[in-house]
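Just the heavy atoms: all of them, side chains too, but no hydrogens, waters or symmetry mates, feed the values below. Residues take their numbers from the sequence shown, with the count starting at 1.
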Amino acid sequence: MDHDTGHGARRSQVPHLFSPGRIGTLAIANRFVRSATAEDLVLYRTGRVPDSTIDLYRRLARSRIGLLVFAGPVSMSRSLDEKDFEAWKHDAAGHSVVGGDRVAGVVHAERPDARILGQLGINPKERPSVIPPVYWWSSTGPEMTKAQIARLADSFAIAIARTKQNGYDGAQLHAGHGTLLSLFLSPYGNRRTDEYGGSPAGRTRVLREIVDRARDAVGDYPILIKANATDHIPGGIDETVFPRMAEEFQRIGFDAIEITGGMWDCLVRSKEELGFRPTLTPESRTGIAGDVAKQSYFLPFVKDVDVDIPLILTGGNRNVDWLEAIIHEASIDFVGMCRPLIREPELVDRWRRGIGSVEAACLACNSCV
């Protein structure tokens, strides 16, 4: 470990940002996580990894980030193009190239994956419950049947197994930001009265079915979940609901919880209602650069969470001294970043070496979106 002068010298405390951590069977070199980021829409539109994405992941990994989570959609069918996956695995994420642990995000990308979902007998417009549409793309079809939910669980389990077969170190289910799984978890999006609704155990039932089926194929392979600690919507997930949800995640068998928040539907609310200015993506706030009081904005929503699996806090993390304090308190195990690593892919290495500002250069303006 480097023991530089300046803010770097204070990293001798334990636990701290540059100490090793663990997620399930996976040893992590430090407490930094590059959270899944849609950095190149070519990947989503074509399913092929452009050279720019490969170069970006090389730069990120050379910064020795503890964990890289890829945002590319993993095919939820058996018709995956192996050549594409192999090129991504070796060129963008192989240990021989980048030296970091890799977790592939298993994402329900509703519009890009509509063809695949159709092959599975799932209408991409269907939801756990019929709720009033807020945007044209959030229009809802009929409530999903139990048979469709079972096929959805099978497809996610297949995708998790594919990530292991293709050499990734783990898989993450995206259940935040109003994705289909996010709507299952939220009392706002899930108003079912059968076994898939009602209580936290009911709303997480589909996740249990996914993980149970995946475990039959992958054993103790690390499976993470990214989920909202707040929907920023009345009647949705909030700081009173999320602690129970987190307990269910642990019982289901997830190896870590990445904490995020916000749904697109919340963006029709005013700044006064939300407590922050609504912008294009509900999980990415603006006007937080240089003010730690506005950063790490999902932290208050998890103060009552009491689980034994690691918590990854994503959202507005951009001051190394403040993040050191969060990790030192031991309530959060890892910190995730997206936008700061778009501006500065080598940020983690800069902080490790104690060079420059304790703040990331990212202005949190959302122009990258």
Side-chain angles (χ1 to χ4, degrees), residues 35-38 41 44 69 71 73-74 76 105-114 117 122-144 148-149 152 155-156 172-192 196-197 200 202-207 210 224-239 241-242 245-246 249 257-270 273-285 297-298 301 314-316 336 338-339 366 369:
S35 185
T37 308
L41 292 180
Y44 289 83
V69 184
V74 176
M76 294 164 62
V106 180
V107 183
H108 178 82
E110 295 169 1
R111 285 162 293 173
D113 287 350
L117 293 175
I122 300 168
N123 183 333
K125 292 184 179 294
E126 289 168 348
R127 300 291 186 269
S129 299
V130 178
I131 58 175
V134 175
Y135 297 99
W136 66 267
W137 61 79
S138 64
S139 61
T140 60
E143 180 176 282
M144 291 182 73
Q148 289 170 326
I149 295 172
L152 187 71
S155 70
F156 271 112
Q172 182 187 72
L173 290 177
H174 187 1
H177 307 165
T179 60
L180 182 56
L181 293 181
S182 175
L183 291 174
F184 267 99
L185 297 182
S186 174
Y188 165 80
N190 185 344
R191 307 175 191 185
R192 302 177 71 98
Y196 290 98
R203 296 197 306 276
T204 58
R205 182 185 178 95
V206 65
L207 297 180
I210 292 168
L224 294 70
I225 184 168
K226 182 173 186 176
N228 281 1
T230 173
D231 294 334
H232 291 308
I233 296 173
I237 295 172
D238 59 19
E239 68 273 19
V241 174
F242 187 69
M245 303 292 294
F249 296 156
I257 305 169
E258 183 178 358
I259 297 154
T260 186
M263 288 185 178
W264 283 80
D265 289 17
C266 80
L267 298 181
V268 300
R269 305 181 71 202
S270 68
E273 291 173 310
L274 291 170
F276 59 92
R277 178 174 174 265
T279 56
L280 182 61
T281 54
E283 70 274 17
S284 303
R285 298 187 190 176
Y297 35 76
F298 295 126
F301 294 94
T314 299
C338 295
R339 291 175 295 169
N366 270 13
V369 177

How many angstroms lie between OG1 in T260 and CD1 in I225, if you round to the nearest 0.5 Å?
12.0 Å

How far apart are the closest heavy atoms of R191 and P132, and which atoms are they?
NH1-CD, 4.3 Å

Going by ring pair (Phe, Tyr, Trp, His ring centres under 6.0 Å), name the residues that satisfy it together with H177, two or more places apart in sequence or in a different chain.
H174

Between A36 and C338, what is the shortest heavy-atom contact and its length?
O-SG, 3.8 Å

Has N366 got a side-chain atom pairing as donor or acceptor with S284's backbone, closer than 3.5 angstrom?
yes

I149 and R192: side-chain contact (heavy atoms from CB on, under 4.5 Å), yes or no, with the steps?
CA-CA 13 Å; I149 295 172; R192 302 177 71 98; 3.8 Å; yes

Counterpart residues, ring pair (Phe, Tyr, Trp, His ring centres under 6.0 Å), relative to Y196 (two or more places apart)
none

side-chain hydrogen bond (donor to acceptor under 3.5 Å, both in side chains) filter on R203, not counting sequence neighbours, yields none

Kindly indicate whether the side chain of T314, heavy atoms from C-beta on, has any atom under 4.5 Å from the side chain of E283.
no

Under 3.5 Å, side chain of D231 to main-chain N/O of I237, donor-acceptor pair present?
yes

Minimum heavy-atom separation for P200 and M245, please, with both atom names.
CB-SD, 4.0 Å

So CD1 of I131 and CG of N190: to nearest 0.5 Å the spacing works out to 10.0 Å

CD/E258 to CG/L224 distance, rounded to the nearest 0.5 angstrom?
8.0 Å

Partner set under ring pair (Phe, Tyr, Trp, His ring centres under 6.0 Å) for Y188, not counting sequence neighbours
none

Between CG on residue L180 and CE on residue M144, distance to nearest 0.5 Å
5.5 Å

Do you know the tightest heavy-atom contact between P128 and E143?
O-CG, 2.9 Å

List for me each residue that meets salt bridge (charged side-chain N to carboxylate O under 4.0 Å, His left out) alongside R205, sequence neighbours excluded, and say none if there are none.
E209

Quick one: pull up OG1 in T230 and CD1 in I259 and give me the separation to the nearest 0.5 Å.
12.0 Å

Verify, without hydrogens or angle tests, whether N228 (side chain) and G176 (backbone) share a donor-acceptor contact under 3.5 angstrom.
no

Check side chain to side chain contact (heavy atoms under 4.5 Å, CB included) between F276 and all other residues, then give those that pass, not counting sequence neighbours.
H232, L274, R285

Output for pair (T204 OG1, I210 CD1), nearest 0.5 Å, gives 11.0 Å

Has S129 got a side-chain atom pairing as donor or acceptor with R127's backbone, closer than 3.5 angstrom?
no

Shortest non-hydrogen separation from G236 to P187 and the atoms involved
C-CD, 3.9 Å

Contact between F249 and L185 at the side-chain level, heavy atoms closer than 4.5 Å - yes or no?
yes

